[in-house]
There are 2 protein chains.
Amino acid sequence: MIHEKMVELVARRFQVLGEPCRLRILQALQGGPRTVNEIVGDLDGNQPNISKHLQILFDAGLVGRERSGNSVFYSVADPVVFKLCELVCRSTARHAAHLQQYAAGTRRRSGIQTHKSHLRSKVGSLQGVN
Amino acid sequence: MIHEKMVELVARRFQVLGEPCRLRILQALQGGPRTVNEIVGDLDGNQPNISKHLQILFDAGLVGRERSGNSVFYSVADPVVFKLCELVCRSTARHAAHLQQYAAGTRRRSGIQTHKSHLRSKVGSLQGVN
DNA sequence: TCACTATATAATTATACATGCATATAGCTA
DNA sequence: TAGCTATATGCATGTATAATTATATAGTGA
């Protein structure tokens, strides 16, 4: 599957994607390149914070950037991120649906929480997610 | 792209995948269900640590588990993880190749580090990765 | 019941990281 | 040059998390 030497790098990429603010930035870039200020306007974060997230995305090779006069345009460098988000999104929805489906009628029979018996403690936070 | 209510959940999933040890666990499960002890043997971590990572994977819905006698078998719950790893792996390899390709003949002309001028500081850690 | 094995959890420590504020740097225009 | 805008960076702080050790829990069999 993953060459041992790649594991750390692949994990790092997942980690970079594992930040809500950075996912929102990538969404903001889905329509095309945008300046830092535009992104700051789209999201409601402060400029230094967005800049730092952009630097992290850039280092990971997920976005590219180009200066134009006084502004810097960022853009998505590898569209695979959208594919990834789509897959994870669907998978997450499946999981949430699965939790809700079984949450009602299960009891805790043995010590270890199997998938079904573990549901009840998590579903609460998932209501209305889809 | 991602519904706003989903962003946090999707990010959490990426984050769960963004840990080398957990990726290795998923790899160990690629051939089929395995007990905790078997996984501990495959990787070289200690048992409590592996158990905690397994719990995190379980909570994220990425693995399932089933007790059999005294042992607990874990298995991959959603094969999408392999697709994700494959995509990220390829993307990472592309990025690494891109870094190496341009690393040699670039100079720093302006203050902002564009993709090419930023390469030199990163390529060192990527030698021999593919 | 007791001993044994397998797994999970609690407590601790160290480290990574996101955030916010202040400030520095780069480019533009006059 | 000075003054302005846009972006990046340094620093401090709080929080999340991975790893380690010790211990608890669950299941098996005598």
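Just so it is clear, the structure is predicted and the values come from calculations on it, not from any experiment.
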What contact category does [X] fall into here, base, sugar-phosphate, or nothing, at under 4.0 angstrom with non-hydrogen atoms?
{"X": "Asn37(A)", "answer": "sugar-phosphate"}
{"X": "Ser71(A)", "answer": "sugar-phosphate"}
{"X": "Ile56(B)", "answer": "sugar-phosphate"}
{"X": "Ile50(B)", "answer": "nothing"}
{"X": "Glu19(B)", "answer": "sugar-phosphate"}
{"X": "Gln15(B)", "answer": "sugar-phosphate"}

What is the separation between atom [atom1] on [X] and atom [atom2] on [N], rounded to the nearest whole Å?
{"X": "Phe58(B)", "N": "dT7(C)", "atom1": "CZ", "atom2": "P", "value": "15 Å"}
{"X": "Leu54(A)", "N": "dA18(C)", "atom1": "CG", "atom2": "P", "value": "13 Å"}
{"X": "Phe73(A)", "N": "dA8(D)", "atom1": "CZ", "atom2": "P", "value": "13 Å"}
{"X": "Leu43(A)", "N": "dG20(C)", "atom1": "CG", "atom2": "C1'", "value": "16 Å"}
{"X": "Arg67(B)", "N": "dG27(D)", "atom1": "CZ", "atom2": "P", "value": "5 Å"}
{"X": "His53(B)", "N": "dT9(C)", "atom1": "NE2", "atom2": "C1'", "value": "15 Å"}
{"X": "Arg34(B)", "N": "dT7(C)", "atom1": "CZ", "atom2": "P", "value": "12 Å"}
{"X": "Gln55(B)", "N": "dT17(D)", "atom1": "CD", "atom2": "C1'", "value": "15 Å"}

If you check the [X] side chain, which of [options] turns out closest?
{"X": "Ser51(A)", "options": "dA8(D), dT9(C), dG20(C)", "value": "dA8(D)"}
{"X": "Gln47(B)", "options": "dA26(D), dA26(C), dA8(C)", "value": "dA8(C)"}
{"X": "Asn70(B)", "options": "dA22(C), dG27(D), dA8(C)", "value": "dG27(D)"}

Within less than 4.0 Å of OP1 or OP2 of [N], is there a side-chain N or O belonging to [X]?
{"X": "Tyr74(B)", "N": "dA6(C)", "answer": "no"}
{"X": "Asn49(B)", "N": "dA18(D)", "answer": "no"}
{"X": "Arg12(A)", "N": "dC17(C)", "answer": "yes"}
{"X": "Arg65(A)", "N": "dT7(D)", "answer": "no"}

For this session: Report the C-alpha distance between Val40(A) and Asn49(A) in whole Å, list the side-chain angles of each, state the deciding distance to 0.1 Å, and finish with yes or no for side-chain contact (heavy atoms from CB on, under 4.5 Å).
Result: CA-CA 9 Å; Val40(A) 171; Asn49(A) 194 22; over 6 Å; no
Exercise. Centre of Phe58(B)'s six-membered ring, under 6.0 Å away, within 45 degrees of the axis: is that where NZ or CZ of Arg65(B) sits?
Worked result: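 Satisfied, under 6.0 Å and within 45°.
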For this session: Determine, using the 4.5 Å side-chain heavy-atom cutoff (strictly less than), whether Phe82(A) and Leu43(A) are members of one ILVMFWY cluster.
Result: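 Same cluster.
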For this session: Could you state whether Val80(B) and Phe14(A) fall into the same hydrophobic cluster, counting links through intermediate Ile, Leu, Val, Met, Phe, Trp or Tyr residues with side-chain heavy atoms under 4.5 angstrom apart?
Result: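 Val80(B) clusters together with Phe14(A).
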For this session: Using heavy atoms to find the nearest nucleotide of DNA chain C for Ser68(A) and Gly45(A) separately, return the residue whose nucleotide is more 5′.
Result: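 That would be Gly45(A).
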Exercise. Side-chain donor-acceptor pair under 3.5 Å between Gln55(A) and Ser51(A), yes or no?
Worked result: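 Side chains of Gln55(A) and Ser51(A): no pair found under 3.5 Å.
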For this session: Could you check if a side-chain atom of Ser71(A) sits within less than 4.5 angstrom of a side-chain atom of Val36(A), using non-hydrogen atoms only?
Result: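 No, their side chains stay 4.5 Å or more apart.
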Problem set entry | Test side chain to side chain contact (heavy atoms under 4.5 Å, CB included) applied to Leu29(B) and Val63(B), Leu57(B), Asp42(B), Val81(B), the passing residue |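 Going through the options one by one, the only one that passes is Val63(B).
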Problem set entry | Contact list for residues 14-28 of chain A, test side chain to side chain donor-acceptor pair (under 3.5 Å), sequence neighbours left out |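 Every pair satisfying side chain to side chain donor-acceptor pair (under 3.5 Å) with a residue in residues 14-28 of chain A: Arg12(A)-Gln15(A), Arg22(A)-His53(A), Arg24(A)-Glu4(B), Arg24(A)-Glu8(B).
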Expected rows: protein N/O vs nucleotides 11-14 of chain C N/O, under 3.5 Å:
unit_1: dA11(C); atom_1: N6; unit_2: Lys52(B); atom_2: NZ; d: 3.3

